[in-house]
> 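Sharing a structure with you now.
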Amino acid sequence: MENAKTKFIFVTGGVVSGLGKGITAASLGRLLKARGLTVAAQKLDPYINVDPGTMSPYQHGEVFVTEDGAETDLDLGHYERFIDEDLNRFSNLTTGKVYWNVLHKERAGKYLGETVQVIPHVTNEIKAFLYAVGHKTGAQVVISEIGGSVGDIESQPFLEAIRQVAREQGRENCLFLHVTLVPYLASSGEHKSKPTQHSVHELQGMGISPDIIVCRCDEPLEADIFEKIALFCNVGKDCVIENRTLPVLYEAPLMLEKNGLGDIVCRSLGLGSAPCDLSEWEEMLRRMERSERVVRIALVGKYVRLHDAYLSVAEALRHAGYERGVKVEIDWVDAECLETEGTASLEGCAGIIVPGGFGGRGIEGMIAAARFARENGVPYFGICLGMQVAVIELARSIPGLEAANSREFSPDGADCVIDLMPDQQGNLPKGGTMRLGSYPCRIAGGTRLHEAYQKAEVGERHRHRYEFNNDYRGRLEAAGMTVSGVSPDGRLVEAVELREHLFFVGVQYHPEFKSRPNRAHPLFRAFIEASRIRSEEAEGGEQA
């Protein structure tokens, strides 16, 4: 039924969640791509939400958006950054989406009167999704990460589905990689393999025997641990791989390659023995090591107590720092605190970034951050909501628009400079009704935007519902705002900036999703460069 030449790698986790399965899968993808193989990656999540789009960032971290507009798990961001391939809607599957599809088929009579059951109907739906990503991308290797931990009741249909894939495609075309915790007990001064043994035995009880066991640890493993895990878990000793906690996550591919992961995977799947070229990755890491000068960036948001809510933004800032030879330090500033305590916490920062978000909480604090940047010449970068609050702040400085706001926060407001478009009017449901995915942006010449991109048109990913209100465009431009990016038809404002400012740019889209550690996004690169200049000027002023 399917193309047997496609190789499937399934990454599972045991003992505890949050072990870094995503980083392991992403690193393996980089190692295979460095051998000249084409790779696709996907995440299977056991929660019943259809996608993470309506989930609180405190529950799930950021929502990563693909080029084709899928709202997905943040691990897909790791996949794209490490493997440097654009993923798609087949790259993230949830239990909710599986049952949504199965129930719609049942209502449409697609099962011809059959009793719909977990096996085969639910597992068939999962398998169809697993196969689809290979067909869609034409990749030689598909890496699928199963969310959660072995033993979770929610994960069982996914584990059953991947067992069936191995049966259908042949074990020579499938590889099971199990990431598990090997804890260190300070009291006895040794690592313990028993949790790994129990986790593997649970997996074996579901008909899956892992081929490779990746051991997450904070300290180097003792030699006898490898032998013990290999013996009790029925794998070769060289298939027990140490995955130690590292100061920089981008070091993980080199560590795993050094420990033999890439060669073992290629050997097991018959992928040949092409040399692994990680020279570009190694040069990137050397740039990181050479970065000594510190540039402090204030990230002003409403979810800052969970840094994963802004994972791609934080990584994009660091990517730009690596290219500019500086080390970016992020000050996580709670927007609500700016409302109650003032903007003193922003003093001394070299740049201010306000990323996306939803809802009215903390908005006045974000507006205060935009005002602080505008009035004090501090480089400012507004992303999505960050652009919108910058527009609101500038509008409030115009006589007669002191109450300017967004329709999102002030439904009955008289001067909503951010609003729904005419064709959006009405009571829209929360899920799946936003402008999602890649849209073109036409860039005006002679602007900061054009200076950064060096292009007349770009495609960037969106995730928002409210737009710039063109009724106020003329008055805002008269106040000093430049519309530097628009949709090809000129109807939608995609980017704004202030002319008389070192760097004050707001974009309606999310450029952080396209940044790579070895290729920073142009706007983040320009923002960090402006922040570096601001930092040097501030130091010069202090010394004078």
> Here's a test for you: under side-chain contact (heavy atoms from CB on, under 4.5 Å), which of D73, D75, T72 qualifies with D45?
D73
> Nearest 0.5 angstrom please: H104 NE2 to N101 CG, how far?
8.0 Å
> Any non-hydrogen side-chain atom of S312 less than 4.5 Å from a side-chain atom of F64?
yes
> Measure the OG1-CZ distance between T24 and R216 for me, rounded to the nearest 0.5 Å.
7.0 Å
> To the closest 0.5 Å, what do you measure between CD1 (I241) and SG (C215)?
8.5 Å
> Distance alone, cut at 3.5 Å: any donor-acceptor contact between the side chains of T196 and T180?
yes
> Without hydrogens or angle criteria, can the side chains of T123 and E160 be said to hold a donor-acceptor pair below 3.5 Å?
no
> Please, which pairs that meet ring pair (Phe, Tyr, Trp, His ring centres under 6.0 Å) have at least one residue in residues 245-285, sequence neighbours excluded?
F82-Y250, F82-W281, Y250-H319
> Taking all non-hydrogen atoms of both residues into account, name the closest pair between Q42 and F90 and its distance.
NE2-O, 2.9 Å
> Counting only heavy atoms from other residues, nucleotides and ligands, does the tally under 6.0 Å from CG of N124 exceed 12?
yes
> For R448 and V505, which heavy atoms make the closest approach, and how far apart are they?
CB-CG2, 4.0 Å
> Return yes if some donor-acceptor pair links the side-chain N/O of K7 with the main-chain N/O of L269 below 3.5 Å, else return no.
yes
> Using a 6.0 Å cut-off, check whether atom CZ of R89 has over 12 heavy atoms from anything other than its own residue.
no
> Indicate yes or no: at least one non-hydrogen side-chain atom of I9 is less than 4.5 angstrom from one of L32.
yes
> To the nearest 0.5 Å, what is the distance between SG (C276) and NZ (K33)?
12.5 Å
> Search all heavy atoms of K43 against all heavy atoms of G147 and return the closest pair with its distance.
CE-CA, 3.7 Å
> Taking atom types as modelled and ignoring hydrogens, do the side chains of Y310 and E315 form a donor-acceptor contact shorter than 3.5 angstrom?
no
> Of all heavy-atom pairs between R163 and G207, which one has the smallest distance, and what is that distance?
CG-O, 3.7 Å
> Under the salt bridge (charged side-chain N to carboxylate O under 4.0 Å, His left out) criterion, do R442 and E457 qualify, and how do the steps go?
CA-CA 4 Å; R442 196 177 65 215; E457 185 171 306; over 6 Å; no
> So which atom in M206 and which in Q156 form the shortest heavy-atom distance, rounded to 0.1 Å?
CE-CG, 3.7 Å
> Do E242 and N259 have a side chain donor and acceptor closer than 3.5 Å?
no
> Can you tell me how the ring of F381 sits relative to the ring of F527, calling it parallel under 30°, perpendicular over 60° and tilted otherwise?
tilted
> Given Y439, which partner from the list H510, H464, H462 fulfils the ring-ring contact (aromatic ring centres under 6.0 Å, His included) test?
H462
> Under a 3.5 Å cutoff, is there a donor and acceptor pairing between the side chains of E114 and H121?
yes
> Would you kindly say whether Q164 and K127 are connected by a side-chain donor-acceptor distance under 3.5 Å?
yes
> Step through it carefully: locate the ring centre of Y47, locate the ring centre of H60, and say whether they are under 6.0 Å apart.
yes
> Identify the two heavy atoms, one from C266 and one from R35, that lie closest to each other, and give their separation to 0.1 Å.
SG-CD, 3.6 Å
> Could I get the full list of salt bridge (Lys or Arg N to Asp or Glu O under 4.0 Å) partners for D84, not counting sequence neighbours?
R516, R519
> Does a sphere of radius 6.0 Å around CD1 in I48 hold more than 12 heavy atoms from other residues, nucleotides or ligands, not counting ones at 6.0 Å or beyond?
no
> Within this structure, what is the CG-CZ distance for the pair L93 and F129, rounded to the nearest 0.5 Å?
4.5 Å
> Does a donor on one side chain and an acceptor on the other come within less than 3.5 Å for S484 and H450?
no
> Show your reasoning for whether salt bridge (charged side-chain N to carboxylate O under 4.0 Å, His left out) applies to E80 and R461.
CA-CA 14 Å; E80 285 208 2; R461 302 179 195 181; 3.1 Å; yes
> In terms of side-chain geometry, is the basic nitrogen of E283 or R290 positioned less than 4.0 Å from the acidic oxygen of its partner?
yes
> Tell me whether the guanidinium CZ or amine NZ of R81 lies under 6.0 angstrom from the six-membered ring centre of Y79 and within 45° of its axis.
no
> Within the 4.5 Å heavy-atom criterion, are N49 and T94 side-chain neighbours or not?
no
> Do R30 and E282 meet the salt-bridge criterion of a basic N to acidic O distance under 4.0 Å?
no
> Does I213 reach the side chain of V200, with side-chain heavy atoms less than 4.5 Å apart?
yes
> Keeping T95 on the side-chain end and P46 on the backbone end, is there a donor-acceptor pair under 3.5 Å?
yes
> Quick one: are V182 and I229 in side-chain contact, heavy atoms under 4.5 Å?
yes
> Would you check if the side chain of R167 reaches a backbone N or O of G170 as a donor-acceptor pair within less than 3.5 Å?
no
> Should Y466 and L385 be marked as a side-chain contact (heavy atoms from CB on, under 4.5 Å) after you check the CA-CA gap, both sets of side-chain angles, and the distance that decides it?
CA-CA 9 Å; Y466 294 84; L385 179 60; over 6 Å; no
> Going by side-chain contact (heavy atoms from CB on, under 4.5 Å), R267 matches just one of I264, L271, D263. Which one?
I264
> For residues 198-207, which residue pairs pass the salt bridge (charged side-chain N to carboxylate O under 4.0 Å, His left out) check, not counting sequence neighbours?
none
> Given salt bridge (charged side-chain N to carboxylate O under 4.0 Å, His left out), test E494 with R435 step by step and report yes or no.
CA-CA 12 Å; E494 294 281 15; R435 188 147 68 102; 3.1 Å; yes
> Would you indicate whether the side-chain heavy atoms of P195 and H198 approach each other to under 4.5 Å?
no
> Side chains of L285 and L254: does their closest heavy-atom pair fall under 4.5 Å?
yes
> Applying the side-chain contact (heavy atoms from CB on, under 4.5 Å) criterion to K21, which one of E145, H178, H78 satisfies it?
E145
> Please answer whether the main-chain N or O of A316 pairs with a side-chain N or O of E512 as donor and acceptor at a distance below 3.5 Å.
no
> Only counting residues at least two apart or in another chain, list the ones meeting side chain to side chain contact (heavy atoms under 4.5 Å, CB included) with S149.
S17, D152
> Do C384 and Y509 have side chains that approach each other closer than 4.5 Å (heavy atoms only, starting at C-beta)?
no
> Test salt bridge (charged side-chain N to carboxylate O under 4.0 Å, His left out) on R287 and E323; report intermediate values, then the result.
CA-CA 7 Å; R287 286 200 305 271; E323 288 198 12; 5.2 Å; no
> Can you tell me how far CG of L175 sits from CG of D211, rounded to the nearest 0.5 angstrom?
4.5 Å
> Under the rule for ring-ring contact (aromatic ring centres under 6.0 Å, His included), what residues qualify as partners of Y453, not counting sequence neighbours?
H521
> Show every salt bridge (charged side-chain N to carboxylate O under 4.0 Å, His left out) that has at least one partner inside residues 90-99, sequence neighbours left out.
none
